[in-house]
Amino acid sequence: MQIITGTAYEQELDHPTRFEESNQRLDDIVLEIIQDVRQNQDASLLKYTKKFDQATLSSLRVTEEEFSEAESLVSNQFKQAIQQAAENIRLFHAEQKEKSWFMNPTDEIMLGQKVTPLDSVGVYVPGGKASYPSTVLMNVIPAKIAGVPAIAITTPPNADGTVNPHVLYAARLAGVDHVYKVGGAQAIAALAYGTETITKVNKIVGPGNAFVARAKKWVYGDVAIDMIAGPSEICVVADETAIPKYVAADLLSQAEHDENAASICIALNETIAQDIQKEVMSQLNMLERFDIANASIEANGRIVVAKDRDEAFKLVNKLAPEHLQLMLASPEEQMHQIKHAGAIFLGNYSPEPLGDYFAGPNHTLPTSGTAAFASPLGVYDFLKKSSIIRYSKQALLESADAIATIANMEGLTAHAKAITIRKEDE
């Protein structure tokens, strides 16, 4: 994990190269799958599930018997942990609930905003070798708090046709209506357009591989999506109060996600930078996912030595990281210098995995610099708003000339007529 100066790292940020590879071949595959699913529906899903997951299914929907069996397969320790995590997530997200509101600028006018939950949501949960019950909670609970009446999950099955029992237990705990055994771009297409078994939804949320991300991009507009997520990333800003072995462990917690993950440390002096570098290389060799983490650290790991705090925070705001840890003295005071970050963790005892699993704030965060304009997933993502406008006759007549003037200036004379026809009656 190389050590570089703040100036050198700023030049890297000004000329990014990490995500410049062409997506053309990927898009060709994804678009073919989407079109196939639209035409052949369930038959297409069963075909791709056999091809990509080596699972021959008789039904796409998880049955009640499978939910019951899943509950018997997971440990009581897991049940207690996931229940506590769910409660923390509910507690945090309950504060995000928005309400309809109305105002009366005058006695003759009522204006307002009506807040309504989406009718249906589809949640993509990655499967295969890994299981992500935390993804279930983070995506489903905010939708439930918003009041979404229909929530479905799609997730790839194992080769024997089963779904990971921890995912099923979390789904039942969170209140999911249906779980379907289908993954990849074909699952996104099914949620976007519907099949004989899977009902079309209004919005698709949840992480996935490159095929899932590109499929979400292509169906956007026919349905809403949460975001197009890139590889995971973490940035740690560390001063002399940071504990090097903690910093290293936190950097590696993201590096093990995949080879394209980025682990960045911005150190406020050379000594702490070197100590962190030694710890990273030492801990790296002990990781079960060494090959993945090592590739990530070699390609995208950086320890940046900033000349002062101002340069450090300037680099953070330019990077706009998904996860930001401020391992500094008085981080509560320092956090106000941060404008762009998906989630901010304060101090030596608030590591990023705390947010991934347990604390309550959502772990679905903007990546690849999009924290400069995007927010974490929340209850607000499952609500929509309608404007409310009511003028009395008198209020409209008082505003008629101004409205008609603007409409006529724009050349939209029928708009003006819709106003003046009412005034002419007077």
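Note that the coordinates shown come from a computational prediction; the quantities given were computed from them, not determined experimentally.
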- Item | Qualifying residues under ring-ring contact (aromatic ring centres under 6.0 Å, His included), relative to Phe358, sequence neighbours excluded | none
- Message: Just by distance, no angles: are the side chains of Ser232 and Gln254 close enough, under 3.5 Å, to form a donor-acceptor pair?
- Response: yes
- Query: With side chains defined as the heavy atoms from C-beta onward, is the minimum distance between Thr197 and Arg61 less than 4.5 Å?
  - Reply: yes
- Message: I need the single residue from Val167, Ile153, Val125 that forms a side-chain contact (heavy atoms from CB on, under 4.5 Å) with Val179. Which is it?
- Response: Ile153
- Message: If you count every heavy atom of other residues, nucleotides or ligands that lies below 6.0 Å from Glu196 atom CD, does the total exceed 12?
- Response: yes
- Within a reach of under 6.0 Å around CZ of Phe92, are more than 12 heavy atoms found that belong to other residues, nucleotides or ligands? yes
- Hey, can you tell me if Tyr246 and Tyr349 have their rings parallel, tilted or perpendicular (30° and 60° cut-offs)? perpendicular
- Task: Count the heavy atoms of every other residue, nucleotide or ligand shown that sit under 6.0 Å from OH of Tyr220, and state whether that count exceeds 12.
- Result: no
- Task: Would you mind checking if Lys393 and Glu108 are paired as a salt bridge, meaning a charged N to carboxylate O distance below 4.0 Å?
- Result: no
- Query: Just wondering, more than 12 heavy atoms not from Glu424 lying within 6.0 Å of its CD?
  - Reply: yes
- Examine the side chains of Gln84 and Gln80 and answer whether a donor and an acceptor come within less than 3.5 Å of each other. no
- For Gly378 and Pro142, the nearest pair of non-hydrogen atoms, with its separation, is C-CB, 4.0 Å
- Task: For the pair Ser392 (side chain) and Ala395 (backbone), establish whether a donor and an acceptor sit closer than 3.5 Å, ignoring hydrogens and angles.
- Result: yes
- Indicate the ring-plane relationship of Tyr48 and Phe52, choosing parallel, tilted or perpendicular according to the 30° and 60° boundaries. parallel
- Check whether any side-chain heavy atom of Met103 sits under 4.5 Å from a side-chain heavy atom of Pro105, and report yes or no. yes
- Task: For this output row, return yes or no: ring centroids of Tyr169 and Phe67 closer than 6.0 angstrom.
- Result: no
- Message: Could you report the tightest heavy-atom contact between His415 and Ala407, atom names first, then the distance?
- Response: CB-CB, 3.9 Å
- Item | Check ion pair Lys47-Asp36 (N to O, under 4.0 angstrom) | yes
- Task: Report yes or no: do Thr116 and Lys114 form a side-chain donor-acceptor pair below 3.5 Å?
- Result: yes
- Residues Ile272, Glu240; criterion side-chain contact (heavy atoms from CB on, under 4.5 Å); working and verdict: CA-CA 6 Å; Ile272 192 73; Glu240 65 280 355; 6.0 Å; no
- Query: Quick one: are Val62 and Tyr180 in side-chain contact, heavy atoms under 4.5 Å?
  - Reply: no
- Message: Strictly below 4.0 Å, N to O, side chains only: are Asp27 and Lys217 in salt-bridge contact?
- Response: no
- Test log, rule side-chain contact (heavy atoms from CB on, under 4.5 Å), inputs Val37 and Tyr193: CA-CA 8 Å; Val37 172; Tyr193 302 109; over 6 Å; no
- Derivation of the salt bridge (Lys or Arg N to Asp or Glu O under 4.0 Å) call for Arg289 and Glu259: CA-CA 11 Å; Arg289 294 167 66 89; Glu259 294 85 351; over 6 Å; no
- Message: Run Thr155 and Lys181 through side-chain contact (heavy atoms from CB on, under 4.5 Å) and show every step you take.
- Response: CA-CA 5 Å; Thr155 189; Lys181 303 176 183 181; over 6 Å; no
- Just by distance, with hydrogens left out, do Asn300 and Ser296 show a side-chain donor and acceptor under 3.5 Å apart? no
- Non-hydrogen side-chain atoms of Lys79 and Glu71 separated by less than 4.5 Å: yes
- Looking just at side-chain N and O atoms, do Thr63 and Glu66 make a donor-acceptor pair shorter than 3.5 Å? yes
- Task: Run the numbers on Lys216 and Asp226 for salt bridge (Lys or Arg N to Asp or Glu O under 4.0 Å), then give the verdict.
- Result: CA-CA 9 Å; Lys216 287 169 71 176; Asp226 51 352; 2.7 Å; yes
- Message: Between Asp239 and Arg309, does the salt bridge (Lys or Arg N to Asp or Glu O under 4.0 Å) criterion hold? Intermediate values first, please.
- Response: CA-CA 9 Å; Asp239 67 8; Arg309 275 175 163 72; 2.9 Å; yes
- Query: Backbone N or O of Lys307 within a donor-acceptor pair of the Glu311 side chain at under 3.5 Å?
  - Reply: yes
- Message: side-chain contact (heavy atoms from CB on, under 4.5 Å) for Leu346 and Met335? Distances and angles first, verdict last.
- Response: CA-CA 8 Å; Leu346 305 179; Met335 73 176 180; 3.8 Å; yes
- Are more than 12 heavy atoms from other residues, nucleotides or ligands located less than 6.0 Å from atom CG of Asp28? yes
